[in-house]
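What's counted below: heavy atoms across the whole structure, side chains too, no hydrogens, waters or symmetry copies.
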Amino acid sequence: MNAPDTLAQEFVQFSVEAGVLRFGEFRTKAGRLSPYFFNAGLFNDGARLGRLASFYARRLLASGLEFDMLFGPAYKGITLAAAISIELAREGRNLPFAYNRKEAKDHGEGGTLVGAPVAGRVLIVDDVISAGTSVRESIAMIRAAGATPCGVAIALDRQEKATDADGRDAELSAVQAVRSQLGLEVVAIATLADLLAYLRSGADPALEQHTPAVQAYRDRYGV
């Protein structure tokens, strides 16, 4: 068995302590009853956002993925792109970032893109990939600007089958679809496998009771 991913284990612990990762019974957008819920919107103060960005930066620097700038799709991606760029600069990689508006601005310079000029190899940053819609929209905007999308960075890879238009289980997860169909690398701070490893580690005895339910969910919907 592979040794636990230390960075991922630290991130899962941080997510639990921040109340971002919760256990119980939650209905997903796909209509599934999930034994856990990850809500990155709750990284909602300076300390939490800064630490989240540090996890992204450390994972990205360790990944070896080459990119020239960050792009954050509205809305969650906006604060992520800004915060991650700050952390990367602290680590010696000062990169530009940009993001989009949901509605085009009709005054001033106009347009939907804000921030640095979108150019070169562009890394999309978001919290999770659910259906891949945000990624596809981002790819279109990046290419329209004459740049090249090169990857996606997310906080958590749920490692579960996506659903098709009829609500049936697909063969691939949303992350796998981005890799195989869109040809982009996906870098995740942690995965469902890392979450299970944390539950089994005994690091938080109060959470061990949730291990069977999370494992059963992965057995049912996992990829």
Y56 ring center near F11 ring center (under 6.0 Å): no

May I ask you to establish whether R32 and F26 are in a cation-pi arrangement, using a distance under 6.0 Å from NZ or CZ to the six-membered ring centre and at most 45° from the ring axis? no

message: I want to check a possible cation-pi pair here: R58 against F55, using under 6.0 Å from ring centre and within 45° of the ring axis as the test.
response: yes

What distance separates [X] [atom1] from [Y] [atom2], expressed to the nearest 0.5 Å?
X    : Y    : atom1 : atom2 : result
T148 : F67  : OG1   : CZ    : 15.0 Å
L49  : I84  : CG    : CD1   : 8.5 Å
L88  : S54  : CG    : OG    : 10.0 Å
L7   : I189 : CG    : CD1   : 7.0 Å
I129 : D157 : CD1   : CG    : 7.5 Å
Y36  : L192 : OH    : CG    : 4.5 Å

Check: [Y] and [X] side chains under 4.5 Å, non-hydrogen atoms:
X    : Y    : answer
L21  : F37  : no
Q215 : L196 : yes
R101 : V114 : yes
Y99  : P73  : no
F43  : T79  : no
M141 : L113 : yes

### Task
Go through the steps for R22 and L42 under the test side chain to side chain contact (heavy atoms under 4.5 Å, CB included), then give the verdict.
CA-CA 11 Å; R22 301 178 181 182; L42 295 177; 3.4 Å; yes

Say whether [X] and [Y] are linked into one hydrophobic cluster, either directly or through other cluster members, by side-chain heavy-atom distances under 4.5 angstrom.
X    : Y    : value
V186 : L52  : no
V125 : L156 : yes
V178 : V122 : yes
L61  : L80  : yes
V16  : V128 : yes

Quick note, side chain to side chain donor-acceptor pair (under 3.5 Å) partners involving residues 38-51, not counting sequence neighbours, are N44-R48

Distance-minimising heavy-atom pair for [X] and [Y]:
X    : Y    : value
V214 : P35  : CA-CG, 3.7 Å
A116 : P96  : CB-CB, 3.4 Å
S85  : L70  : N-CD1, 3.7 Å
A147 : G120 : CB-O, 3.5 Å
L60  : A153 : CD2-CB, 3.9 Å
R59  : A188 : NE-O, 3.2 Å

request  = Please lay out, stage by stage, how R93 and D68 fare under the test salt bridge (charged side-chain N to carboxylate O under 4.0 Å, His left out).
outcome  = CA-CA 10 Å; R93 286 204 66 193; D68 302 311; 5.8 Å; no

_Run F38 and L195 through side chain to side chain contact (heavy atoms under 4.5 Å, CB included) and show every step you take._
CA-CA 11 Å; F38 181 81; L195 193 163; over 6 Å; no

Legend entry - Candidate pair I154 and V152, rule side chain to side chain contact (heavy atoms under 4.5 Å, CB included), full reasoning: CA-CA 7 Å; I154 58 174; V152 186; 4.0 Å; yes

Answer yes or no: is there a donor N or O on one side and an acceptor on the other, between the side chain of R218 and the main chain of G222, under 3.5 Å?
-> no

_Less than 3.5 Å apart, any donor N or O on the side chain of S34 or R158 sitting next to an acceptor on the other?_
yes

Original post:
Any luck finding a side-chain donor-acceptor pair between Q159 and Y221 under 3.5 Å?
Top reply: no

Taking atom [atom1] of [X] as the centre, does the number of heavy atoms from other residues, nucleotides or ligands within less than 6.0 Å exceed 12?
X    : atom1 : result
E171 : CD    : no
Y198 : OH    : yes
N94  : CG    : no
Q209 : CD    : yes

| message | Any carboxylate oxygen within less than 4.0 angstrom of a Lys/Arg side-chain nitrogen, looking at E66 and R121? | response | yes

Tell me, with the steps shown, if E185 and R179 meet salt bridge (charged side-chain N to carboxylate O under 4.0 Å, His left out). CA-CA 6 Å; E185 182 53 57; R179 285 183 174 134; 3.4 Å; yes

message = Checking T112 against N100 for the side chain to side chain donor-acceptor pair (under 3.5 Å) test, could you report, in this order, the C-alpha distance in whole Å, the side-chain angles of both residues, the deciding distance, and whether it holds?
response = CA-CA 5 Å; T112 58; N100 69 295; over 6 Å; no

Applying side chain to side chain contact (heavy atoms under 4.5 Å, CB included) to D194 and not counting sequence neighbours gives D5, A8, Q9, A190, T191

Check: Which is it for L172 and S180 under the side chain to side chain contact (heavy atoms under 4.5 Å, CB included) test, yes or no, and what are the steps along the way?
Finding: CA-CA 9 Å; L172 303 177; S180 66; 3.4 Å; yes

